[in-house]
Amino acid sequence: MSRYELKPVDPSVSCAVAGWESTFGTFFAQVWLTSNDNEDDAPDYDLGCDFREVTEAKIIIDMLSEYAEIPADLVDTLNADAAREGMCEVPAAVQIMSGYAPAPIDWDTFEPPF
C-alpha cells in the first residue's frame with residue numbers, strides 16, 4: 001500500500017491523501033474537512049475503498065484536485081506503486097479455500113444485466 005498526504009488548497013481541508021491499495025487492487029483518495037466532527041475520524045469524502053473500484057490513477061487526481069495541490073508526477077508515482085506492488089487476489093483466495101473457484105470476472109469490461 002502506498003499513501004501520500006497532499007497539501008490542502010484552503011483552510012477548510014484538514015487532510016487529503018492518495019495512494020494505491022494492493023489488497024483491493026484500487027487507487028484511493030480520502031479527504032477530511034476541518035469541520036469534521038466524526039468521532040471515528042472517518043473521512044468526509046473517499047473514493048477507491050472497494051475491490052477494484054478505481055483502476056485509473058487519473059480518476060483519483062480529478063477527485064482530489066478541488067481539495068489539494070496535486071504534484072505534477074503524482075499520476076506516474078501512483079502507477080509505479082501499482083506496478084511494483086501488484087494486486088492481491090483476495091476474492092480468488094477465499095473461493096479456493098471454500099472449494100469453489102469460478103472463472104475470474106473482468107470487472108473493467110463487465111456489463112450489468114440491467
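Residue Tyr4 is not grouped with residue Trp32 when hydrophobic side chains (ILVMFWY) are merged at heavy-atom distances under 4.5 angstrom, including chains of intermediate members. Hydrophobic clustering (side-chain heavy atoms under 4.5 Å, transitive across Ile, Leu, Val, Met, Phe, Trp, Tyr) groups Leu64 together with Ile59. Linking Ile, Leu, Val, Met, Phe, Trp and Tyr whenever their side-chain heavy atoms come within less than 4.5 Å puts Leu6 and Tyr45 in one cluster. Hydrophobic clustering of Ile, Leu, Val, Met, Phe, Trp and Tyr side chains at less than 4.5 Å, counting indirect connections, unites Ile60 with Val13.
Rounding to the nearest 0.5 Å gives a distance of 11.5 Å between CG of Asn79 and CZ of Arg84. Phe24 CZ to Cys49 SG: the interatomic distance, rounded to the nearest 0.5 Å, is 8.0 Å. Once rounded to the nearest 0.5 Å, the distance linking CG of Asp81 with OG1 of Thr77 reads 7.0 Å. Of the inter-residue distances, the one linking Glu69 atom CD with Lys7 atom NZ reads 4.5 Å to the nearest 0.5 angstrom. Taken to the nearest 0.5 Å, the CG atom of Asp62 stands 9.5 Å off from the CD atom of Glu56. Taken to the nearest 0.5 Å, the CE atom of Met87 stands 4.0 Å off from the CZ atom of Arg52.
With contacts defined as side-chain heavy-atom distances shorter than 4.5 Å, the pair Thr34/Pro8 does not qualify.
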Would you please test Phe28 and Val17 for side-chain contact (heavy atoms from CB on, under 4.5 Å) and show each step? CA-CA 8 Å; Phe28 70 91; Val17 298; 4.3 Å; yes
Please evaluate residues Phe27 and Leu47 with respect to the criterion side-chain contact (heavy atoms from CB on, under 4.5 Å), reporting the C-alpha separation (whole Å), side-chain torsions for both, the decisive distance (0.1 Å), and the verdict. CA-CA 8 Å; Phe27 295 100; Leu47 181 63; over 6 Å; no
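No donor-acceptor pair under 3.5 Å is formed between the side chain of Ser22 and the backbone N or O of Glu85. Side-chain atoms of Trp20 never come within 3.5 Å of backbone atoms of Arg3 as a donor-acceptor pair (strictly under, hydrogens ignored). A distance-only check finds a donor-acceptor pair linking the side chain of Asn36 to the backbone of Ala42 [under 3.5 Å].
Considering all non-hydrogen atoms of both residues, Ser65 and Ile70 come closest at CA-CG1, 4.0 Å. Scanning all heavy atoms of the two residues, the minimum distance from Thr26 to Glu53 falls at OG1-N, 3.6 Å. Nearest heavy-atom pair across Glu66 and Val9 is O-CG2, 3.4 Å. Across all their heavy atoms, Leu78 and Ala57 have their closest contact at CB-CB, 4.0 Å. Heavy atoms only, all atoms of each residue included: Glu21 and Met1 are closest at OE1-SD, 3.0 Å.
When only modelled atom types and interatomic distance are considered, Asp44 and Tyr67 share no side-chain donor-acceptor pair under 3.5 Å.
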